[in-house]
Amino acid sequence: MRLDYDFYRRDVVVVAEELLGMNLVRILDGKRLVCRIVETEAYRGPEDKGCHAYGNRRTKRTEAMFHPGGCAYIYLIYGMHYMLNIVAAEADQPQAVLIRAGEPLEGVEEMQRLRGLKTNDQRQLLNGPGKLCQALAITMAFNGYDLVTGEELFVERPQTLPDYPIARAKRINIDYAEEYKDKLWRFYLAGNPNVSRS
DNA sequence: CACAGGATCCACT
DNA sequence: GTGGATCCTGTGA
């Protein structure tokens, strides 16, 4: 079952936690690339100093975060890596969930090809937000993409959710966010070998 | 127009 | 554990 607008249009912290265990599906040239979401972070503008939309900063770049929940927000970081975020909450509330890591389920060979790694270690395919985008061929073309109606990228609830306890932690690499850098807005499946950091 | 810096990754040690 | 790659965005002149 594909997740609907009602799922996404809630508080971003709730959405971030509940996205754990869901299946992220990318249809690339008819091929199914599927992974289980194992690590997320919530960014909760306008009050969150770690969020690009802090203070309701609304620019061409952050525009998608102001859209109603259920679409993608993509941006480029360090000049080379794309980040996949899923927009949450209602329109004009700039909240988004960063998808930080996944567990490969289908289309592993294609993911390996897209990653172009030397190793065959499957844990290294999706254990970081930039890696995940590279393995699923997600680029700026998906910025603003509707994940509820789209054919090439969406999220499904699996028949049975995986049996891992959920861990909460501080978000990664936002040292500048002052009192918001210590918020426990990072969620991951504890013990899953595909998380970027435990 | 120029510039500083970032929600990262990989190879190598 | 370290350093380099690499480029877009926001800001201020």
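Chain letters run A, B, ... following the sequence lines, proteins first and then strands; every chain starts at 1. Model, not experiment: these values are computed from the prediction. For the numbers below, each heavy atom of this structure counts, side chains included, while hydrogens, waters and symmetry mates do not.
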By nearest heavy atom, map A:Met140 and A:Tyr78 onto DNA chain C; which one lands nearer the 5' end?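 The 5'-side residue here is A:Tyr78.
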Residues A:Lys170 and A:Asp175 bridged, charged N to O under 4.0 Å: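 Looking at A:Asp175 together with A:Lys170, the answer is no, because their closest N to O distance does not fall below 4.0 Å.
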[X] has an atom [atom1]; how far is it from atom [atom2] of [N], in whole Å?
X	N	atom1	atom2	answer
A:Ile74	B:dA7	CD1	P	16 Å
A:Met65	B:dA7	CE	P	11 Å
A:Tyr73	C:dT9	OH	C1'	10 Å
A:Leu76	C:dA5	CG	C1'	12 Å
A:Lys49	B:dA7	NZ	P	16 Å
A:Tyr75	B:dG6	OH	P	13 Å

Could you walk me through whether A:Lys181 and A:Asp48 pass the salt bridge (Lys or Arg N to Asp or Glu O under 4.0 Å) check? CA-CA 9 Å; A:Lys181 74 178 167 63; A:Asp48 179 4; over 6 Å; no
Output field dot_bracket for DNA chain B (Watson-Crick or G-U, both distances under 3.5 Å, | for other-strand pairs) contains ||||||.|||||.
Could you state the interatomic distance from CD (A:Gln95) to CZ (A:Arg44), rounded to the nearest 0.5 Å?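 One gets 5.5 Å once the value is rounded to the nearest 0.5 Å.
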Roughly how far apart are A:Leu147 CG and A:Glu156 CD, rounded to 0.5 Å?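 One finds 12.0 Å between CG of A:Leu147 and CD of A:Glu156.
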Pairs under 3.5 Å (N/O, protein and nucleotides 9-12 of chain B):
from   : atom 1 : to       : atom 2 : distance (Å)
B:dC9  : OP1    : A:Gly128 : O      : 3.4
B:dC9  : OP1    : A:Pro129 : N      : 3.2
B:dC9  : OP1    : A:Gly130 : N      : 2.8
B:dC9  : OP1    : A:Lys131 : N      : 3.0
B:dC9  : O4'    : A:His81  : NE2    : 3.0
B:dC10 : OP1    : A:Arg115 : NH1    : 2.4
B:dC10 : OP1    : A:Arg115 : NH2    : 2.7
B:dC10 : OP2    : A:Arg115 : NH2    : 3.4
B:dC10 : OP2    : A:Lys131 : NZ     : 3.4

Would you name the heavy atoms of [X] and [Y] that are closest together and state the gap between them?
X	Y	value
A:Val195	A:Ala101	CA-CB, 4.1 Å
A:Arg186	A:Ser196	NH2-OG, 4.3 Å
A:Arg9	A:Ala89	CG-O, 3.6 Å

Under 4.0 Å, heavy atom to any atom of DNA chain B: which of residues 173-191 of chain A qualify?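 Only A:Asn173, A:Ile174, A:Tyr176 qualify.
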Sole candidate of A:Leu105, A:Leu19, A:Leu136, A:Val34 that passes side-chain contact (heavy atoms from CB on, under 4.5 Å) when paired with A:Leu24: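 Filter result, single survivor: A:Leu136.
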Short side-chain donor-acceptor distance under 3.5 Å, A:Tyr73 and A:His67: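 No - no donor-acceptor pair under 3.5 Å links their side chains.
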Measure from NZ or CZ of A:Arg100 to the centre of the six-membered ring of A:Tyr188, then state whether that distance is under 6.0 Å and the direction lies within 45° of the axis.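 No, A:Arg100 does not lie over the aromatic ring of A:Tyr188.
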Within 45° of the six-membered ring axis of A:Phe187 and under 6.0 Å from that ring's centre, is NZ or CZ of A:Arg168 located there?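 No, a cation-pi geometry is absent between A:Arg168 and A:Phe187.
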Base, sugar-phosphate, or nothing: which does A:Leu98 touch, judged by heavy atoms less than 4.0 Å apart?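 The answer is base, as A:Leu98 lies within the cut-off (heavy atoms under 4.0 Å) of a base atom.
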Distances under 3.5 Å only, N/O to N/O: pair up the protein atoms with those of nucleotides 10-13 of chain C.
from   : atom 1 : to      : atom 2 : distance (Å)
C:dG10 : OP1    : A:Thr59 : OG1    : 2.1

Could you tell me which residues satisfy ring pair (Phe, Tyr, Trp, His ring centres under 6.0 Å) with A:Tyr43, sequence neighbours excluded, listed by chain and number?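 Once residues adjacent in sequence are excluded, A:Tyr43 has no partner under the ring pair (Phe, Tyr, Trp, His ring centres under 6.0 Å) criterion.
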State which residues pass ring pair (Phe, Tyr, Trp, His ring centres under 6.0 Å) with A:Phe66; sequence neighbours excluded, sorted by chain then number.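 Counting only residues at least two positions away or on another chain, A:Phe66 forms no ring pair (Phe, Tyr, Trp, His ring centres under 6.0 Å).
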